[in-house]
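Single-structure report; data block below.
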2 protein chains.
Amino acid sequence: MNNIQNILRNNKLSVTEGRKKILQLFLNTEGALAHSDIEKGAGENFDRVTIYRTLHSFVEKGIIHAIPSADNSIKYALCKDECGEGHHHDHHVHLVCSVCQKTLCLDEVVVPIVNFPAGYCIKNIEVVANGICKQCNS
Amino acid sequence: MNNIQNILRNNKLSVTEGRKKILQLFLNTEGALAHSDIEKGAGENFDRVTIYRTLHSFVEKGIIHAIPSADNSIKYALCKDECGEGHHHDHHVHLVCSVCQKTLCLDEVVVPIVNFPAGYCIKNIEVVANGICKQCNS
DNA sequence: CAAATAATTGCAACAATGTTGCTATTTTTG
DNA sequence: CAAAAATAGCAACATTGTTGCAATTATTTG
Ligand SMILES: [Mn+2]
Ligand SMILES: [Mn+2]
Ligand SMILES: [Zn+2]
Ligand SMILES: [Zn+2]
């Protein structure tokens with residue numbers, strides 16, 4: 001029935017107003033959200049600390065993943081399927097659009113195989129592309 | 001003769017104590033530096049604001065490049081050759097070592113070609129790998 | 001369902017990081 | 001070396017992130 005409650009329950013998180021509202025925001029939003037986006041979008045009577053803590057536990061549980069950036073503005077987006085507590089498996093590429101400024105998960109674009117010289121042990125790879133998204137390019 | 005002075009002069013930056021000291025730090029360091037590393041490494045009597053402004057102008061001139069991260073701790077590393085005012089051409093992969101915590105430019109590992117669906121226009125791609133570096137892995 | 005227990009929230013206080021305007025100092029130019 | 005231009009340091013402020021704790025809310029238990 002209630003999608004949001006289920007997601008929280010399945011991840012052994014108690015169902016609170018804050019978590020529901022933030023998760024709802026992610027489900028309603030195309031593109032990734034920064035902490036500040038949530039602060040604005042989640043209504044006034046929301047403590048910043050709660051948002052930090054909620055984002056942290058969502059990441060920990062594998063509900064959302066963090067997308068790196070080179071300008072101190074981490075964004076977060078919903079994980080798809082197989083992510084769970086402790087292990088993320090988001091093998092897709094991200095796009096930061098220079099026109100609409102959105103950060104998008106391109107689920108259909110898979111992180112390529114990169115050959116490292118002998119001696120390195122690679123755990124995972126993040127790919128962030130800068131460019132123009134489909135919508136803005138037409 | 002003086003390598004550091006030349007770099008600054010070639011980039012039309014006046015040669016000041018601050019810039020020399022920060023550039024020296026980069027030249028002496030294996031791995032990328034965060035703002036805080038520079039704050040510690042550059043001596044006490046150094047204004048934080050000067051470091052911010054120096055890093056910004058170095059990036060702008062193509063002397064250093066910023067390396068994205070998912071934990072709000074941008075690092076900077078020296079650019080190699082062809083970077084100049086306005087255009088960076090750092091087509092290498094970065095590695096964040098989970099043991100020594102260093103962020104390394106792997107100049108010999110080139111950013112792979114990624115196929116995007118039609119409609120996107122890609123300007124550049126950042127690749128950051130997490131794993132264990134050669135030194136820590138032996 | 002109500003009480004007991006467990007978990008989360010908001011608050012306050014604080015630390016760390018980043019920005020801006022202005023003046024004094026330093027660097028470059030001629 | 002003097003004049004002009006650029007930079008550094010300072011102060012004040014804004015933004016972002018962290019921690020401890022008491023009050024509130026959610027879950028479990030009987
Ligand atoms: Mn994603
Ligand atoms: Mn690099
Ligand atoms: Zn766009
Ligand atoms: Zn290492």
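To find a chain, count down the sequence lines: A is the first, B the second, and so on, and within it residues start at 1. What you see is a predicted model, and the numbers here were worked out from it, not measured in a lab.
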> Considering heavy-atom distances to DNA chain D, does K12(B) or H35(A) have its closest nucleotide positioned more toward the 5' end?
Replying inline: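 By nearest-heavy-atom nucleotide position, the 5'-most residue is K12(B).
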>> OP1 or OP2 of dT25(D) versus the side-chain N and O atoms of T16(A): is any pair under 4.0 Å?
In response: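 No, T16(A) has no side-chain N/O under 4.0 Å of OP1/OP2 on dT25(D).
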Distance, rounded to the nearest Å, where [X] contributes [atom1] and [N] contributes [atom2]:
X      : N       : atom1 : atom2 : answer
D47(A) : dT25(D) : CG    : C1'   : 15 Å
L8(B)  : dA8(D)  : CG    : P     : 10 Å
K20(B) : dA8(D)  : NZ    : P     : 12 Å
D71(B) : dT16(D) : CG    : C1'   : 14 Å

> Which residues satisfy the salt bridge (charged side-chain N to carboxylate O under 4.0 Å, His left out) test with D37(B), sequence neighbours excluded?
Replying inline: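 D37(B): no salt bridge (charged side-chain N to carboxylate O under 4.0 Å, His left out) contacts found.
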> What residues form a salt bridge (charged side-chain N to carboxylate O under 4.0 Å, His left out) with E108(A), not counting sequence neighbours?
Replying inline: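 Not a single residue meets the salt bridge (charged side-chain N to carboxylate O under 4.0 Å, His left out) criterion with E108(A).
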Could you grab the distance from atom [atom1] of [X] to atom [atom2] of [Y], nearest 0.5 Å is fine?
X      : Y      : atom1 : atom2 : value
L33(B) : L78(B) : CG    : CG    : 8.5 Å
T29(A) : Y76(A) : OG1   : OH    : 15.5 Å
S69(B) : I74(B) : OG    : CD1   : 7.0 Å
N10(A) : Q5(A)  : CG    : CD    : 11.0 Å

> Are I125(A) and V93(B) grouped together when hydrophobic residues (ILVMFWY) are joined by side-chain heavy atoms under 4.5 angstrom apart?
Replying inline: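 Both belong to a single hydrophobic cluster.
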>> If hydrophobic clusters are built from ILVMFWY residues whose side chains come within less than 4.5 Å, do V111(A) and I67(A) share one?
In response: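 Not linked; separate clusters.
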>> If you assign L13(A) and N72(B) each to the DNA chain C nucleotide with the nearest heavy atom, which residue ends up on the more 5' nucleotide?
In response: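 Nearer the 5' end of the strand: L13(A).
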> Taking DNA chain D as the partner, which of residues 48-61 of chain A come within under 4.0 angstrom of it by heavy atom?
Replying inline: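 Hits under 4.0 Å, by residue number: R48(A), V49(A), Y52(A), R53(A), H56(A).
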>> Filter on side chain to side chain donor-acceptor pair (under 3.5 Å), then keep only pairs touching residues 127-138 of chain A, sequence neighbours left out; what's left?
In response: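 Of all non-adjacent pairs touching residues 127-138 of chain A, those that pass side chain to side chain donor-acceptor pair (under 3.5 Å) are N130(A)-N124(B).
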>> Angle between the two end axes of the helix from dC1(C)-dG30(D) to dG30(C)-dC1(D), five base pairs per end, rounded to 10 degrees?
In response: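 It works out to 40° between the end axes.
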>> What range of DNA chain C does chain A touch, first nucleotide to last, counting atoms under 4.0 Å from its heavy atoms?
In response: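 Answer, 5' to 3': dA7(C) to dG18(C).
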>> If the test is side chain to side chain donor-acceptor pair (under 3.5 Å), which one of E126(B), K75(B), H65(B) qualifies with H94(B)?
In response: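 Of the listed residues E126(B), K75(B), H65(B), the side chain to side chain donor-acceptor pair (under 3.5 Å) partner of H94(B) is H65(B).
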>> E39(B) vs H35(B), test: side-chain hydrogen bond (donor to acceptor under 3.5 Å, both in side chains). Steps then yes/no.
In response: CA-CA 6 Å; E39(B) 210 165 333; H35(B) 177 101; 3.2 Å; yes
